[in-house]
Amino acid sequence: MTSNHCADKTSKSTQLDKVSFAMNQLRLDSLDVFAAIVRCGGFRAAALERGVSSSALSQTINALEEALSIRLLNRTTRSVSPTEAGQRLLLRLGPALTDIRLAVDDLNQLKENPSGTLRINAPGPAIDHLLCPAMFTFMDTYPDIKVELISDAAVIDIVEQGFDAGVRFGKQLAQDMIAVPLGPSLRYAIVASPDYIAKHGLPLTPNDLAGHNCIRRRFPGGTLVSWKFEKGGDALEVLPEGRLTVSSAHNELQAAVAGCGLAHIFEDYATPYLTNGRLTEVLKDWSPLLPSWYLYYPSKRHSSAAMRELVSFLRSYDWKLSRIPAS
């Protein structure tokens, strides 16, 4: 046997050893960790989501990159992003991981009680007045199903962000989504404390708001919430002016009760305070009805057993049970 032949044989053996090592290291959970880190935008957020330490995830990624002999993530002190190789892997990995999760979850059909985790992305008001109360009953009915509710008003790709479903208004839904209506129509109410009205007077039309201190609210993206009005075919949109700007309906409600000005909030937030007299509604005849919230989920993929049970539950749920008074 020549020395060249021996060298070739040794080289091939080494390559086979590397391939074998890589295959042993490529566990499904390692790939899932990689996808989670990219989706969450960093090790810390992914670690919080999975209930483990950031260092544990870092070790997992280090082992995965070593096994593949290529870097998958660009790491800095402030951010984490996929390399070109990481992007290629993620492009093929995302749908595959989803199919694997659904395949495993489909086994729930063989069990008496469905199980698994449902991640739902929804705006705060929908969680406060619809989802939370409904989920209390749902989780009591299905004790093996876990539910994660993420409050977010931004329009996102729920599939790309790893959610099973989202909640938005009907006009915000993509055409390839299945939508389930949640609850009755919605309405914004303009409210203020009796003390504020006694000091500053009662606005009779939306144009009168120019002389009032309005409590403004800003979306996470930076946009100020405009106030929309409608009466007798006339529609107006007002960008309110005022000294206080907040980022949540809860803070807006607090400010109105404290007499800081006029607030523009969903009627469900205001109802308990209107009932006990701590708030008074104004311009009620100018407040139009809005469409209800919708739960939506992808139509192109098979739903998990847990998701099917949730949809069936929500379709038959009595939404009057979700009217929980504010504290």
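The basis for the numbers below is simple: all heavy atoms, side chains too, and nothing from hydrogens, waters or symmetry mates.
In this structure, Q87 CD and L93 CG are separated by 13.5 Å, a value rounded to the nearest 0.5 Å. Separation of atoms OG (S226) and NE2 (H264) is listed at 7.5 Å; rounding is to 0.5 Å. A distance of 10.0 Å separates CD1 of I197 from CD of E281, quoted to the nearest 0.5 Å. From D144, atom CG reaches atom CD of E309 across 12.0 Å, with rounding to the nearest 0.5 Å. Summarising the geometry, atom SG belonging to C260 is positioned 10.0 Å from atom CD belonging to Q254; distances are rounded to the nearest 0.5 Å. Note that the CG atom of D285 and the NZ atom of K231 stand 3.5 Å from one another [nearest 0.5 Å].
In this structure the side chain of L182 never reaches within 4.5 angstrom of the side chain of Y294, judged on heavy atoms. Two residues are said to be in side-chain contact when any heavy atoms from C-beta on lie closer than 4.5 Å; V147 and L131 fail this criterion. Two residues are said to be in side-chain contact when any heavy atoms from C-beta on lie closer than 4.5 Å; W319 and L314 meet this criterion. Looking at L289 and L186, their side chains never come closer than 4.5 Å, going by heavy atoms from C-beta outward. Within the 4.5 Å cutoff, no side-chain heavy atoms of N213 are placed close to those of L244. Counting heavy atoms from C-beta on, the side chains of C132 and L149 come closer than 4.5 Å. Considering only heavy atoms from C-beta on, Y273 stays 4.5 Å or farther from I265 through its side chain. The closest side-chain heavy-atom distance from L310 to Y142 is not below 4.5 Å.
A192 approaches L262 most closely through the heavy-atom pair CB-CD2, 3.4 Å. Residues F34 and G86 share a closest heavy-atom pair of CZ-O, 3.5 Å. When every heavy atom of A85 is checked against every heavy atom of R71, the shortest pair comes out as CB-O, 4.0 Å. For the residue pair P203 and V282, the shortest heavy atom distance occurs at CG-CG2, 3.9 Å. Among all heavy-atom pairs drawn from A306 and I145, the shortest one is CB-CD1, 3.8 Å. In plain terms, the two heavy atoms of M307 and A165 that are nearest each other are CE-CB, 3.5 Å.
A continuous path of Ile, Leu, Val, Met, Phe, Trp and Tyr side chains, each step under 4.5 Å between heavy atoms, connects V238 with L202, placing both in one hydrophobic cluster. Using a 4.5 Å cut-off between side-chain heavy atoms of Ile, Leu, Val, Met, Phe, Trp and Tyr, with links allowed through other members, I120 and F313 fall into the same hydrophobic cluster. Transitive grouping of hydrophobic side chains (ILVMFWY, heavy atoms separated by less than 4.5 Å) keeps L224 and V246 in distinct clusters. Two different hydrophobic clusters hold L239 and F219 under the rule that ILVMFWY side chains link at heavy-atom gaps under 4.5 Å. In this structure, F138 is a member of the same hydrophobic cluster as W293, with clusters built from ILVMFWY side-chain heavy atoms closer than 4.5 Å.
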Original post:
Should I158 and I156 be marked as a side chain to side chain contact (heavy atoms under 4.5 Å, CB included) after you check the CA-CA gap, both sets of side-chain angles, and the distance that decides it?
Top reply: CA-CA 6 Å; I158 58 171; I156 66 166; 4.2 Å; yes
Original post:
Stepwise, does the side chain to side chain contact (heavy atoms under 4.5 Å, CB included) test hold for T271 with T275?
Top reply: CA-CA 6 Å; T271 295; T275 301; 4.1 Å; yes
**OP:** Apply side chain to side chain contact (heavy atoms under 4.5 Å, CB included) to the pair L72 and I61, showing each step before the final yes or no.
**Re:** CA-CA 8 Å; L72 299 175; I61 293 300; 5.6 Å; no
Original post:
Run the side chain to side chain contact (heavy atoms under 4.5 Å, CB included) check on F266 and L290 step by step: do they pass?
Top reply: CA-CA 10 Å; F266 277 119; L290 303 172; 4.3 Å; yes
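Not counting sequence neighbours, Y297 has no partner by the side chain to side chain donor-acceptor pair (under 3.5 Å) test. Take E241 and apply the side chain to side chain donor-acceptor pair (under 3.5 Å) test, not counting sequence neighbours, and it matches no residue.
Looking only at atom types and distance, the side chain of T137 has no donor-acceptor partner in the side chain of D140 under 3.5 Å away. In summary, the side chains of Y269 and D128 do present a donor paired with an acceptor at a separation below 3.5 Å, with no hydrogens or angles considered. Using modelled atom types and a 3.5 Å distance limit, the side chains of Q59 and N62 yield no donor-acceptor pair. Remark: the E267 side chain and the Y188 side chain contain no N/O donor-acceptor pair separated by less than 3.5 Å. Side chains of R217 and N251: a donor-acceptor N/O pair is absent below 3.5 angstrom, by distance only.
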Kindly list each side-chain donor-acceptor pair under 3.5 angstrom involving residues 38-46, sequence neighbours excluded, with atom names and distances?
from, atom 1, to, atom 2, distance (Å)
R39, NH1, E49, OE1, 2.9
R39, NH1, E49, OE2, 3.4
R39, NH2, E49, OE2, 2.9

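Residue E84 places its CD atom among 12 or fewer non-hydrogen atoms of other residues, nucleotides or ligands, all under 6.0 Å distant. Around the CZ atom of R75, the shell of radius 6.0 Å holds more than 12 heavy atoms that belong to other residues, nucleotides or ligands.
Not one N or O on the side chain of S69 forms a donor-acceptor pair closer than 3.5 Å with the backbone of E65. A donor-acceptor pair under 3.5 Å is absent between the side-chain atoms of E148 and the main chain of T117, judged by distance alone. No donor-acceptor pair closer than 3.5 Å links the side chain of S58 to the backbone N or O of S54.
Classified by interplanar angle (parallel below 30°, tilted 30° to 60°, perpendicular above 60°), the ring pair W286/F229 is perpendicular.
Taking a cutoff of 4.0 Å between a charged side-chain nitrogen and a carboxylate oxygen, R119 and D164 do not qualify as a salt bridge. Look at R187 and E230 and you find no salt bridge, because none of the NZ, NE, NH1 or NH2 atoms lies under 4.0 Å from a carboxylate O.
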